[in-house]
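A quick write-up on the structure given underneath.
Naming: A, B, ... by sequence-line order, numbering from 1 per chain.
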Protein chains: 2
Amino acid sequence: MNETLDLTVGCDSCPIKHRAVCARCDADELETLEGIKYYRSFEAGQTVIWSGDRMEFVGSVVSGIASLTQTMEDGRTQMVGLLLPSDFVGRPGRETASYDVVATTDLVMCCFRRKPFESMMAETPHVAQRLLEMTLDELDAAREWMLVLGRKTAREKIASLLCIIGRRDASLKLEGVGGKIVFDLPLTREAMADYLGLTLETVSRQMSALKRDGVIELEGKRHVTVPSFERLLDEAGDDADGGMMA
Amino acid sequence: MNETLDLTVGCDSCPIKHRAVCARCDADELETLEGIKYYRSFEAGQTVIWSGDRMEFVGSVVSGIASLTQTMEDGRTQMVGLLLPSDFVGRPGRETASYDVVATTDLVMCCFRRKPFESMMAETPHVAQRLLEMTLDELDAAREWMLVLGRKTAREKIASLLCIIGRRDASLKLEGVGGKIVFDLPLTREAMADYLGLTLETVSRQMSALKRDGVIELEGKRHVTVPSFERLLDEAGDDADGGMMA
DNA sequence: GCGAACCTTTGACCCAGATCAAATCTAGGT
DNA sequence: ACCTAGATTTGATCTGGGTCAAAGGTTCGC
């Protein structure tokens, strides 16, 4: 068992149905995990972990969405992570998390009672390795998001968010006709604003603008159709007026 | 060897002089590392890793500072990480980094030829564990920085940056009289701006404002004295006019 | 069907920070 | 000492997005 691990969503032979813990089904390791896993459900808006809590478990999203949020004393908030199905939360080996985890839609998580860090490294090395890889992925994502937060315009920020959601969501579901991508936004305008470092009014305005400019289609408030992610990101760059100079 | 690892800067008994790889000096593991370590120096401005490069090594900063930067096609840049002494760079198990690493001051790094991920987990489990812990710390730091980028004002951003630099730097050096913290900024105004998602002009203006308001003292452009980190963060909140309403 | 509690959209106005431009202030180098 | 290339400061002006405010839309429960 020395090959590179490639743990993808929904490995069939594994009783736990997503990549988070399916370490290409190393039997012994899985058994160890089986013994300590359990499921928990949360309603939209319910708090999964309060900042400052002792983390009693490591969890992985099965369905629904949760958000990782940091808050300042004066109430300003910044979402610092979106937890989509197969994503991980938790910090084995640390007692406090510095942010809240709140269910953004109805949510099911697969939880594992916290194990001492060292014993995990020893008993389930492939899981440990996968955990490290996933943490590195999250770090990459966080850093990419720093670029979005620090340097992109409101319009570009929206486009970036739509891409993130769309890529994750659409890959699981079907895509629309003519290669277009169709998905439902699982976030309110306010949640989008929290993630993007904007106000909800600006988010709403920019969504309307993108629709008006034909970059995206909107049915209702949540159902989104985009031509392609490349075009979305491109056209979001060209600020508005796609032909108003006459 | 089952106790919690607490790897701090400058462990004496370890031939490698910082926490990055000093896994409380597990002899066998250190020996393994000894065999593959070497030092490299870089001048200010020199590129350590280009985005898209295959990472040939894992490195740890010995002295100097490097920055991790992401760039957009149109030239906008966002620094996504500051590498201070004892910090780590590198992504074992991945072929490309998505950002440049550039020396911001003269820099010495301790490098390790890249090892296959799996063999590292097996051969040096304490180092692997330490690597995971450090990655989680970086993730925390990145997320905290997302709050700074997304929600803080220019003045607050500067204060946050001064705290980060000051805490790291001052802990190694001496502090000034009366509990004040004294340190040298290792960054140009432009580098600060890149980190904070601001322009260099705004950084300069806010530095001047903080000095004018007596929140910080400046000798030359780089030598900074702050009363305390708490006061710095507090007073940065109260926007300017510390008594102008009469 | 009717509120009530939310979301969401839109408008009017304002301001923090960007942009453009010009001095100053270094630190080398010759 | 003088010159040059950066780094830094400061000023004037502009603007993207925030703030405040007021209307729609939806989706409940009753």
Task: Pair A:Glu156, A:Thr153: side-chain N/O donor-acceptor within cut-off below 3.5 Å - done: yes

Open item on the list: Strictly distance-based, threshold 3.5 Å: is any side-chain N or O of A:Glu144 a donor or acceptor partner for the main-chain N or O of A:Ala141?
Closed with: no

Open item on the list: What's A:Ser208 touching, base or sugar-phosphate or nothing? Going by heavy atoms closer than 4.0 Å.
Closed with: sugar-phosphate

- [ ] In whole angstrom, give the distance that lies between atom CG of B:Leu218 and atom C1' of D:dT10.
- [x] 15 Å

- [ ] Using five base pairs at each end, measure the axis-to-axis angle across the helix from C:dG1-D:dC30 to C:dT30-D:dA1 and round it to 10 degrees.
- [x] 40°

Task: Qualifying residues under side-chain contact (heavy atoms from CB on, under 4.5 Å), relative to A:Ser160, sequence neighbours excluded - done: A:Trp145, A:Val148, A:Lys152, A:Leu233

TODO: Name every residue in residues 191-201 of chain A that has at least one heavy atom under 4.0 Å from any atom of DNA chain D, in order of residue number, or write none if there are no such residues.
DONE: A:Gly197, A:Leu198, A:Thr199, A:Glu201

TODO: Could you state the atom-to-atom distance from CG of B:Leu187 to P of D:dA7 in whole Å?
DONE: 13 Å

TODO: Would you indicate, yes or no, if D:dT9 has its OP1 or OP2 atom less than 4.0 angstrom from a side-chain nitrogen or oxygen of B:Arg189?
DONE: yes

Task: Axial cation check for A:Phe183 ring with A:Arg222, 6.0 Å and 45° limits - done: no

TODO: Quickly work out the A:Arg212 CZ to C:dT9 P distance and round it to whole Å.
DONE: 13 Å

TODO: Only one of B:Lys180, B:Lys211, B:Arg212 passes salt bridge (Lys or Arg N to Asp or Glu O under 4.0 Å) with B:Glu217; say which it is.
DONE: B:Lys180

TODO: Name the residue closer to the 5' end of DNA chain C, choosing between A:Ser204 and B:Lys221 according to the nucleotide with the nearest heavy atom.
DONE: A:Ser204

- [ ] Whole angstrom is fine here: how far is it from CD in A:Gln206 over to P in C:dT10?
- [x] 12 Å

TODO: For A:Arg151, answer base if it contacts any base atom (sugar-phosphate contacts may also be present), sugar-phosphate if it contacts only those atoms, and nothing otherwise; contact means non-hydrogen atoms under 4.0 Å.
DONE: nothing

Open item on the list: Whether the B:Thr69 and B:Asp100 side chains hold a donor-acceptor pair (N or O, under 3.5 Å, no angle test) is what I'd like checked.
Closed with: no

TODO: Scan B:Thr188 against the nucleic acid and name what it touches under 4.0 Å (heavy atoms): base, sugar-phosphate only, or nothing.
DONE: sugar-phosphate

